[in-house]
Structures are given as structure tokens and as C-alpha cells.
Amino acid sequence: MPTMLIDEPLGLTCVFSDGSRADYRLGGLPNPVLARDLAIGLVELIHPHGTADTEGTVNFYVQSLRSMVRVGVHLNVALARFP
């Protein structure tokens, strides 16, 4: 089974080249549409589509994705204050 995006609840499930598996949850983020869009791109970076092939590497990417979504929401709020 390749890396797949799970829609409900939002997350990823991965099977790496060594046969190990990992699941990552992305639910509960403040902008689920942005989180899903970024997750679609992330799937393309993970084995077998891309070169990310360890749980640690993918975990780093997932943490970065979560941060981007949180910062993006705060940035939108801040920009809305300045017409």
C-alpha cells in the first residue's frame, strides 16, 4: 500500500520501503482546507512517489505542515486588520 491521504479524519498513512508503517493525524488544525492542500503535496514527497522514506523524515514534514497552517491562519487575521 503506498502513501495515502485520509480525508476523515484528515491524515496520512505511509508504508516505507523497509515495510514499516506510520500514520499521521492532521485533524483539528485551524484551516482544514489549507491542511488538506499541503497534505496532497506532501504525499508526493513520500515513498514510493518521492524520496522521503523514513518515519522521522515524514514526521518532520508533518510538523512543518502543521506550523504552516497555524502561521497562515494568524497571518490572515493580522492582514485582515489592514485594509
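Positions are given from 1 along the sequence.
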Side-chain heavy atoms nearer than 4.5 Å, only ILVMFWY residues, links allowed to pass through others: does that put [X] and [Y] together?
X	Y	value
Phe60	Val69	yes
Leu5	Leu34	yes
Leu10	Leu29	yes
Met68	Val58	yes
Leu38	Ile6	no

Is there any side-chain hydrogen bond (donor to acceptor under 3.5 Å, both in side chains) pair reaching into residues 33-48, and which pairs are they, with sequence neighbours excluded?
->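 Pairs touching residues 33-48 that pass the test: Asp7-Arg36.
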What pairs of residues pass the side-chain hydrogen bond (donor to acceptor under 3.5 Å, both in side chains) test when at least one of them lies in residues 20-34, not counting sequence neighbours?
->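 As it turns out, the side-chain hydrogen bond (donor to acceptor under 3.5 Å, both in side chains) pairs with a partner in residues 20-34, which skip direct neighbours, are Thr13-Asp23, Asp18-Ser20.
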Please tell me if the side chains of Leu12 and Met4 come closer than 4.5 Å, counting only heavy atoms from C-beta onward.
-> no
Student check: side-chain heavy atoms of Ile46 and Tyr61 closer than 4.5 Å |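 Ile46 vs Tyr61: side chains apart.
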For the residue pair Ala39 and Leu65, what are the closest heavy atoms and their distance?
->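 Closest approach of Ala39 to Leu65, heavy atoms only: N-CD1, 3.6 Å.
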Note: Val43 and Thr3 closest approach over all heavy atoms is CG1-O, 4.0 Å
Answer yes if the side chains of Thr57 and Thr54 hold a donor-acceptor pair under 3.5 Å, and no otherwise.
-> yes
Rest of the hydrophobic cluster containing Val33 (Ile/Leu/Val/Met/Phe/Trp/Tyr, side-chain heavy atoms under 4.5 Å)?
->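 Members alongside Val33: none; it stands by itself.
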Give, for atom CG of Leu42 and atom SG of Cys14, the distance between the pair rounded to the nearest 0.5 Å.
->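 Going from the CG atom of Leu42 to the SG atom of Cys14 covers 7.5 Å.
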